[in-house]
Enquirer: 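Sending over a structure as structure tokens; questions will come in a sec.
Fair warning: this is a prediction, and the values are worked out from it, not measured in the lab.
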Amino acid sequence: QVQLVESGGGLVQAGGSLRLSCAASGRTFSRYAMGWFRQAPGKEREFVAAISWIGGNTYYADFVKGRFTISRDYAKNTVYLQMNSLKPEDTAVYYCAADLRGKAARDQNEYDYWGQGTQVTVSS
């Protein structure tokens, strides 16, 4: 079993920054890929970023490339999403997820465990 707890969401003005954290507990953190997804009101949940099990390879949705950075701290069992140059369209609930097969996939169906989500609101 894996437990994921997100934090760091909040209200920020357009152009600002936030750093989301996802603390993992349970199974060995280093052995699974981690992803961030988001869901805006009235929309489906979508892929934002992922980081692989080994090597720390990172993957991003086109709409966040150059603005968001995913990273992980193995010692702290935590994955981060640094979000810069935020736009109102980034407003959503952000979820972290764990993929025990280590694929770092864009498909949310590949993920086994999910956090409860943290709200990010970007004002114009």
Side-chain angles (χ1 to χ4, degrees):
Q1 192 78 339
V2 174
Q3 292 80 42
L4 303 173
V5 179
E6 302 99 332
S7 61
L11 173 64
V12 64
Q13 289 188 333
S17 299
L18 283 173
R19 188 177 79 158
L20 306 183
S21 300
C22 174
S25 61
R27 299 176 65 164
T28 306
F29 177 70
S30 61
R31 295 190 175 185
Y32 40 89
M34 298 295 295
W36 284 98
F37 293 77
R38 70 185 187 185
Q39 187 168 21
K43 295 186 177 181
E44 294 186 351
R45 189 160 55 186
E46 62 182 354
F47 170 78
V48 175
I51 187 165
S52 65
W53 167 6
I54 298 174
N57 296 319
T58 57
Y59 309 90
Y60 296 95
D62 288 343
F63 55 78
V64 301
K65 282 183 179 178
R67 299 191 297 125
F68 292 9
T69 303
I70 187 171
S71 61
R72 66 193 298 170
D73 185 329
Y74 292 94
K76 296 183 178 180
N77 286 354
T78 299
V79 63
Y80 302 99
L81 185 68
Q82 177 67 45
M83 306 186 296
N84 299 327
S85 302
L86 283 162
K87 305 175 182 179
E89 52 264 44
D90 293 318
T91 295
V93 177
Y94 283 71
Y95 299 89
C96 70
D99 167 14
L100 300 186
R101 289 165 294 279
K103 293 181 179 180
R106 297 172 181 263
D107 183 353
Q108 58 182 309
N109 294 314
E110 297 288 344
Y111 290 81
D112 303 284
Y113 295 97
W114 293 82
Q116 82 289 348
T118 186
Q119 176 71 47
V120 171
T121 303
V122 184
S123 63
S124 57

Enquirer: Minimum heavy-atom separation for S124 to A14, with atom names?
Expert: CA-CB, 4.4 Å

Enquirer: Between the main-chain N or O of Y94 and the side-chain N or O of T118, is there a donor-acceptor pair closer than 3.5 Å?
Expert: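 No; zero donor-acceptor contacts below 3.5 Å.
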
Enquirer: Tell me whether Y80 is reachable from V93 by hopping between hydrophobic residues (I, L, V, M, F, W, Y) whose side-chain heavy atoms are closer than 4.5 Å.
Expert: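 No, because V93 and Y80 fall into different hydrophobic clusters, even though each may have its own neighbours under 4.5 Å.
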
Enquirer: How far apart are the closest heavy atoms of N77 and Y74, and which atoms are they?
Expert: OD1-O, 3.0 Å

Enquirer: Compute the centroid of each ring, for Y32 and then for Y113, and state whether the two points are separated by less than 6.0 Å.
Expert: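 No: the rings miss the under 6.0 Å criterion.
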
Enquirer: How long is the gap from CG on D90 to CZ on F63, to the nearest 0.5 Å?
Expert: 8.0 Å

Enquirer: Would V12 and V64 show up in the same hydrophobic cluster when neighbours are defined by side-chain heavy atoms closer than 4.5 Å?
Expert: yes

Enquirer: Answer whether the closest heavy-atom distance between the side chains of Y95 and L4 falls below 4.5 Å.
Expert: no

Enquirer: For E46, run the side-chain hydrogen bond (donor to acceptor under 3.5 Å, both in side chains) check against Q108, R106, R38, Q39 and tell me which one passes.
Expert: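 With E46 as partner, side-chain hydrogen bond (donor to acceptor under 3.5 Å, both in side chains) holds for just one option, R38.
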
Enquirer: When clusters are formed by joining ILVMFWY residues with side-chain heavy atoms under 4.5 Å apart, either directly or through shared neighbours, do W114 and V79 land in the same one?
Expert: no

Enquirer: If every non-hydrogen atom of G35 is compared with every non-hydrogen atom of Y111, which pair is closest and at what distance?
Expert: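 The answer is N-CE2, 3.7 Å.
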
Enquirer: Which heavy-atom pair separates A105 from F37 by the least distance, and what is that distance?
Expert: O-CZ, 4.4 Å

Enquirer: Could you check whether any side-chain N or O of Y59 sits under 3.5 Å from a backbone N or O of S52, counting only pairs where one atom can act as donor and the other as acceptor?
Expert: no

Enquirer: With a 3.5 Å distance limit and no angle check, can you tell me whether Y60 reaches the backbone of I70 through a side-chain donor-acceptor pair?
Expert: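 Indeed, once roles are kept as given, a pair shorter than 3.5 Å links the two residues.
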
Enquirer: Considering all heavy atoms of both residues, which atom of L81 and which atom of A49 are nearest to each other, and what is their separation?
Expert: CD1-CB, 4.2 Å

Enquirer: Kindly say whether A104 contributes a backbone atom to a donor-acceptor pair with the side chain of D99 at under 3.5 angstrom?
Expert: yes

Enquirer: Determine yes or no for a side-chain-to-main-chain donor-acceptor pair under 3.5 angstrom, with E6 supplying the side chain and Q116 the backbone.
Expert: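 Flag set: sc E6 to bb Q116 pair under 3.5 Å.
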
Enquirer: Are the charged groups of K65 and D62 less than 4.0 angstrom apart, N to O?
Expert: yes

Enquirer: Which pairs of donor and acceptor atoms, one on a side chain in residues 16-24, lie under 3.5 Å apart (sequence neighbours left out)?
Expert:
from, atom 1, to, atom 2, distance (Å)
S17, OG, N84, OD1, 2.9

Enquirer: How long is the span from the CE atom in M34 to the OG1 atom in T58, to the nearest 0.5 Å?
Expert: 14.5 Å

Enquirer: List the steps, then state whether side-chain contact (heavy atoms from CB on, under 4.5 Å) holds for D112 with R101.
Expert: CA-CA 9 Å; D112 303 284; R101 289 165 294 279; 3.4 Å; yes

Enquirer: Does K103 have any salt bridge (charged side-chain N to carboxylate O under 4.0 Å, His left out) partners at least two apart in sequence or in another chain, and if so, which?
Expert: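 K103: salt bridge (charged side-chain N to carboxylate O under 4.0 Å, His left out) contacts with E110.
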
Enquirer: Restricting to non-hydrogen atoms, name the atom on T91 and the atom on A40 that form the minimum distance, rounded to 0.1 Å.
Expert: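 Closest approach of T91 to A40, heavy atoms only: O-CB, 3.6 Å.
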
